[in-house]
Amino acid sequence: MLIYTIDMFGTAIFAISGVLLAGRLKMDPFGVTVLASVTAIGGGTIRDMALGATPVFWINDTNYLLVIFITCILTMLIIRRPRRLPWYVLPVSDAIGLAVFVGIGVEKALNYNADPMVAVIMGVITGCGGGIIRDVLAREVPMVLRSEVYATACILGGIVHTSALEFNVQSSTAMLLGVTATLTIRLAAIRWHLSLPTFALNK
(Lines give C-alpha, C1' and ligand atoms only; values in the text may rest on other atoms or scores of the structure.)
Protein backbone atom coordinates (compact mmCIF):
# COMPACT_ATOMS: atom_id res chain seq x y z
CA MET A 1 0.00 0.00 0.00
CA LEU A 2 2.89 2.37 0.78
CA ILE A 3 4.52 1.68 -2.60
CA TYR A 4 1.18 2.20 -4.34
CA THR A 5 0.67 5.53 -2.55
CA ILE A 6 4.16 6.73 -3.45
CA ASP A 7 3.57 5.52 -7.02
CA MET A 8 0.50 7.75 -7.21
CA PHE A 9 2.54 10.60 -5.75
CA GLY A 10 5.19 10.07 -8.42
CA THR A 11 2.50 9.99 -11.09
CA ALA A 12 1.23 13.38 -9.91
CA ILE A 13 4.74 14.89 -9.77
CA PHE A 14 5.60 13.68 -13.27
CA ALA A 15 2.26 15.03 -14.51
CA ILE A 16 3.09 18.42 -12.99
CA SER A 17 6.36 18.55 -14.93
CA GLY A 18 4.37 17.90 -18.11
CA VAL A 19 1.89 20.65 -17.26
CA LEU A 20 4.66 23.16 -16.55
CA LEU A 21 6.37 22.44 -19.87
CA ALA A 22 3.04 22.70 -21.68
CA GLY A 23 2.47 26.05 -19.99
CA ARG A 24 5.81 27.36 -21.20
CA LEU A 25 4.84 26.28 -24.72
CA LYS A 26 1.39 27.92 -24.37
CA MET A 27 -0.61 24.78 -25.10
CA ASP A 28 -4.38 24.50 -24.78
CA PRO A 29 -5.94 22.31 -22.02
CA PHE A 30 -5.96 19.26 -24.31
CA GLY A 31 -2.27 19.71 -25.06
CA VAL A 32 -1.57 20.15 -21.36
CA THR A 33 -3.36 16.89 -20.55
CA VAL A 34 -1.58 14.98 -23.30
CA LEU A 35 1.87 16.18 -22.23
CA ALA A 36 1.11 15.49 -18.56
CA SER A 37 -0.22 12.01 -19.36
CA VAL A 38 2.70 10.86 -21.50
CA THR A 39 5.11 12.13 -18.85
CA ALA A 40 3.34 10.32 -16.01
CA ILE A 41 2.45 6.98 -17.60
CA GLY A 42 4.42 6.85 -20.84
CA GLY A 43 7.37 4.92 -19.43
CA GLY A 44 5.20 2.34 -17.68
CA THR A 45 3.15 1.89 -20.83
CA ILE A 46 6.24 1.14 -22.93
CA ARG A 47 7.44 -1.27 -20.24
CA ASP A 48 4.16 -3.20 -20.11
CA MET A 49 3.95 -3.43 -23.90
CA ALA A 50 7.55 -4.68 -24.08
CA LEU A 51 6.87 -7.30 -21.39
CA GLY A 52 3.53 -8.33 -22.89
CA ALA A 53 1.78 -7.23 -19.70
CA THR A 54 -1.47 -6.28 -21.35
CA PRO A 55 -3.82 -4.56 -20.78
CA VAL A 56 -1.28 -2.01 -19.54
CA PHE A 57 -1.40 -0.95 -15.90
CA TRP A 58 -3.47 2.23 -16.27
CA ILE A 59 -6.21 0.36 -18.10
CA ASN A 60 -6.49 -2.09 -15.23
CA ASP A 61 -6.30 0.70 -12.64
CA THR A 62 -7.88 3.95 -13.84
CA ASN A 63 -6.85 5.71 -10.61
CA TYR A 64 -3.70 6.68 -12.51
CA LEU A 65 -5.75 8.58 -15.08
CA LEU A 66 -7.83 10.19 -12.34
CA VAL A 67 -4.69 11.41 -10.57
CA ILE A 68 -3.36 12.86 -13.83
CA PHE A 69 -6.59 14.71 -14.67
CA ILE A 70 -6.94 16.15 -11.15
CA THR A 71 -3.26 17.17 -11.16
CA CYS A 72 -3.70 18.94 -14.51
CA ILE A 73 -6.71 20.91 -13.32
CA LEU A 74 -5.18 21.92 -10.00
CA THR A 75 -1.83 22.85 -11.52
CA MET A 76 -3.43 24.98 -14.23
CA LEU A 77 -5.49 26.79 -11.60
CA ILE A 78 -2.69 27.28 -9.09
CA ILE A 79 -0.09 28.29 -11.66
CA ARG A 80 -2.17 31.39 -12.40
CA ARG A 81 -1.58 32.47 -8.82
CA PRO A 82 2.17 32.03 -8.48
CA ARG A 83 3.52 31.20 -5.08
CA ARG A 84 7.14 31.07 -4.15
CA LEU A 85 8.30 27.54 -3.44
CA PRO A 86 11.82 26.56 -2.40
CA TRP A 87 13.76 25.65 -5.55
CA TYR A 88 14.35 22.10 -4.37
CA VAL A 89 10.71 21.05 -3.84
CA LEU A 90 9.95 19.86 -7.39
CA PRO A 91 13.39 18.28 -8.10
CA VAL A 92 13.33 16.36 -4.82
CA SER A 93 9.73 15.25 -5.38
CA ASP A 94 10.66 14.19 -8.90
CA ALA A 95 13.59 12.19 -7.50
CA ILE A 96 11.27 10.33 -5.12
CA GLY A 97 8.85 9.50 -7.91
CA LEU A 98 11.70 8.46 -10.20
CA ALA A 99 13.20 6.09 -7.63
CA VAL A 100 9.86 4.38 -6.99
CA PHE A 101 9.09 4.12 -10.72
CA VAL A 102 12.43 2.41 -11.32
CA GLY A 103 11.88 -0.03 -8.47
CA ILE A 104 8.39 -0.90 -9.72
CA GLY A 105 9.70 -1.34 -13.28
CA VAL A 106 12.49 -3.69 -12.21
CA GLU A 107 10.18 -5.70 -9.96
CA LYS A 108 7.50 -6.09 -12.63
CA ALA A 109 10.03 -7.23 -15.21
CA LEU A 110 11.40 -9.83 -12.79
CA ASN A 111 7.87 -11.04 -12.10
CA TYR A 112 7.59 -11.68 -15.85
CA ASN A 113 10.78 -13.79 -15.63
CA ALA A 114 12.94 -11.22 -17.40
CA ASP A 115 16.73 -11.47 -17.25
CA PRO A 116 18.26 -9.16 -14.60
CA MET A 117 19.82 -6.99 -17.32
CA VAL A 118 16.46 -6.66 -19.04
CA ALA A 119 14.85 -5.87 -15.69
CA VAL A 120 17.27 -2.98 -15.17
CA ILE A 121 16.45 -1.66 -18.64
CA MET A 122 12.73 -1.92 -17.90
CA GLY A 123 13.32 0.04 -14.70
CA VAL A 124 15.10 2.78 -16.62
CA ILE A 125 12.32 2.88 -19.23
CA THR A 126 9.68 3.12 -16.50
CA GLY A 127 11.48 6.02 -14.84
CA CYS A 128 12.69 7.91 -17.91
CA GLY A 129 10.45 6.88 -20.82
CA GLY A 130 7.68 9.36 -20.12
CA GLY A 131 10.09 12.27 -19.83
CA ILE A 132 11.71 11.34 -23.14
CA ILE A 133 8.33 11.30 -24.92
CA ARG A 134 7.43 14.62 -23.29
CA ASP A 135 10.63 16.30 -24.43
CA VAL A 136 10.38 14.89 -27.95
CA LEU A 137 6.82 16.21 -28.29
CA ALA A 138 8.08 19.58 -27.03
CA ARG A 139 10.97 19.50 -29.52
CA GLU A 140 13.60 19.53 -26.82
CA VAL A 141 16.65 17.31 -26.32
CA PRO A 142 15.56 14.80 -23.64
CA MET A 143 17.23 15.45 -20.30
CA VAL A 144 18.37 11.82 -20.02
CA LEU A 145 20.42 12.30 -23.20
CA ARG A 146 22.24 15.28 -21.76
CA SER A 147 24.93 15.30 -19.09
CA GLU A 148 22.79 15.41 -15.94
CA VAL A 149 22.94 12.33 -13.67
CA TYR A 150 19.40 11.06 -14.15
CA ALA A 151 19.26 7.86 -16.17
CA THR A 152 22.56 6.86 -14.58
CA ALA A 153 20.91 6.94 -11.16
CA CYS A 154 18.17 4.66 -12.51
CA ILE A 155 20.70 2.19 -13.92
CA LEU A 156 22.71 2.00 -10.70
CA GLY A 157 19.55 1.67 -8.61
CA GLY A 158 18.35 -1.14 -10.84
CA ILE A 159 21.69 -2.91 -10.54
CA VAL A 160 21.53 -2.69 -6.74
CA HIS A 161 17.99 -4.11 -6.84
CA THR A 162 18.84 -7.10 -9.05
CA SER A 163 22.20 -7.73 -7.37
CA ALA A 164 20.55 -7.93 -3.95
CA LEU A 165 18.27 -10.67 -5.26
CA GLU A 166 21.32 -12.62 -6.44
CA PHE A 167 22.40 -12.72 -2.79
CA ASN A 168 19.00 -14.16 -1.82
CA VAL A 169 17.77 -10.93 -0.24
CA GLN A 170 14.00 -10.85 0.17
CA SER A 171 12.19 -9.29 -2.79
CA SER A 172 10.69 -6.37 -0.86
CA THR A 173 14.03 -5.59 0.79
CA ALA A 174 15.87 -5.75 -2.54
CA MET A 175 13.38 -3.32 -4.03
CA LEU A 176 13.81 -0.96 -1.07
CA LEU A 177 17.59 -1.08 -1.49
CA GLY A 178 17.27 -0.29 -5.20
CA VAL A 179 14.85 2.57 -4.60
CA THR A 180 17.12 3.99 -1.89
CA ALA A 181 20.16 3.78 -4.16
CA THR A 182 18.39 5.55 -7.04
CA LEU A 183 17.05 8.25 -4.73
CA THR A 184 20.39 8.82 -2.98
CA ILE A 185 22.31 9.17 -6.25
CA ARG A 186 19.71 11.48 -7.77
CA LEU A 187 19.55 13.68 -4.65
CA ALA A 188 23.35 13.87 -4.59
CA ALA A 189 23.31 14.98 -8.23
CA ILE A 190 20.78 17.69 -7.40
CA ARG A 191 22.64 18.86 -4.31
CA TRP A 192 26.13 18.99 -5.81
CA HIS A 193 25.18 19.52 -9.47
CA LEU A 194 26.81 16.26 -10.54
CA SER A 195 26.95 15.53 -14.25
CA LEU A 196 28.59 13.12 -16.64
CA PRO A 197 31.39 14.24 -18.97
CA THR A 198 30.10 15.29 -22.36
CA PHE A 199 31.14 14.04 -25.77
CA ALA A 200 31.84 16.91 -28.13
CA LEU A 201 33.44 16.99 -31.56
CA ASN A 202 35.59 19.90 -32.58
CA LYS A 203 34.36 21.83 -35.59
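Within a 6.0 Å radius of OH in Tyr88, other residues, nucleotides and ligands contribute 12 heavy atoms or fewer.
The line from CD1 of Ile185 to CG of Leu156 is 4.5 Å long, rounded to the nearest 0.5 Å. Note that CD1 of Ile68 and OG1 of Thr62 are 11.0 Å apart. Values are rounded to the nearest 0.5 Å. Separating the OG1 atom in Thr11 from the CD1 atom in Ile41 is a distance of 8.5 Å, to the nearest 0.5 Å. Taken to the nearest 0.5 Å, the CG atom of Leu35 stands 8.0 Å off from the OG atom of Ser17. To the nearest 0.5 Å, the span separating CG on Leu194 from CG on Leu187 amounts to 11.0 Å. Taking OG of Ser172 as the start and CG of Leu2 as the end, the distance is 11.5 Å to the nearest 0.5 Å.
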Could you walk me through whether Glu107 and His161 pass side chain to side chain contact (heavy atoms under 4.5 Å, CB included), step by step? CA-CA 9 Å; Glu107 191 66 21; His161 187 158; 3.0 Å; yes
Hey, mind stepping through Met175 and Ile104 against side chain to side chain contact (heavy atoms under 4.5 Å, CB included) and telling me if it holds? CA-CA 8 Å; Met175 181 176 176; Ile104 290 173; 3.7 Å; yes
Give the C-alpha distance, both sets of side-chain angles, the deciding distance and a yes or no for side chain to side chain contact (heavy atoms under 4.5 Å, CB included) between Trp58 and Asn63. CA-CA 7 Å; Trp58 52 267; Asn63 285 333; over 6 Å; no
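In the hydrophobic clustering of this structure, Leu65 groups with Val56; members are Ile, Leu, Val, Met, Phe, Trp, Tyr whose side-chain heavy atoms approach within less than 4.5 Å, directly or through other members. Under the 4.5 Å side-chain contact rule for hydrophobic residues, Ile3 and Leu183 share a cluster. Both Ile190 and Val100 sit in one connected hydrophobic cluster of ILVMFWY residues. Membership requires side-chain heavy atoms under 4.5 Å apart, directly or through other members. By the rule that hydrophobic residues join a cluster once side-chain heavy atoms approach within less than 4.5 Å of another member, Val102 and Val160 end up as members of separate clusters. Put simply, Val106 and Phe167 are part of two different groups of oily side chains (I, L, V, M, F, W, Y) that touch within less than 4.5 Å, one to the next.
By the 4.5 Å heavy-atom criterion applied to side chains, Ile133 and Ile46 are counted as neighbours. Proximity of Ile121 to Ile125: side-chain heavy atoms (C-beta onward) are separated by under 4.5 Å at one or more points. Within the 4.5 Å cutoff, no side-chain heavy atoms of Arg186 are placed close to those of Val92. Leu90 places a side-chain heavy atom less than 4.5 Å from the side chain of Leu20.
Scanning both residues, Pro29 and Met76, for their nearest heavy atoms gives CA-SD, 4.4 Å. Nearest heavy atom pair, residue Pro142 against residue Asp135, reads CA-OD2, 3.3 Å. Residue Leu110 comes nearest to Pro116 through the heavy atom pair CD2-CA, 4.5 Å, listed as atom of the first residue, atom of the second, then distance. Among all heavy-atom pairs drawn from Val120 and Ile159, the shortest one is CG2-N, 3.9 Å. In plain terms, the two heavy atoms of Gly18 and Thr39 that are nearest each other are CA-OG1, 3.8 Å. Residue Leu165 comes nearest to Ala174 through the heavy atom pair CD2-CB, 3.6 Å, listed as atom of the first residue, atom of the second, then distance.
In this structure, Thr173 contributes its side chain and Val169 its backbone to no donor-acceptor pair below 3.5 Å. With Asp61 contributing its side chain and Phe57 its backbone, the two residues share no donor-acceptor pair below 3.5 Å. Without hydrogens or angle criteria, Thr152 side chain to Val149 main chain gives no donor-acceptor distance under 3.5 Å. Looking at Arg47, its side chain never comes within 3.5 Å of a backbone N or O of Gly123 through a donor-acceptor pair.
In summary, the side chains of Asp48 and Tyr112 do not present any donor paired with an acceptor at a separation below 3.5 Å, with no hydrogens or angles considered.
Using cut-offs of 30° and 60° on the angle between ring planes, the pair Phe14 and Phe101 is tilted.
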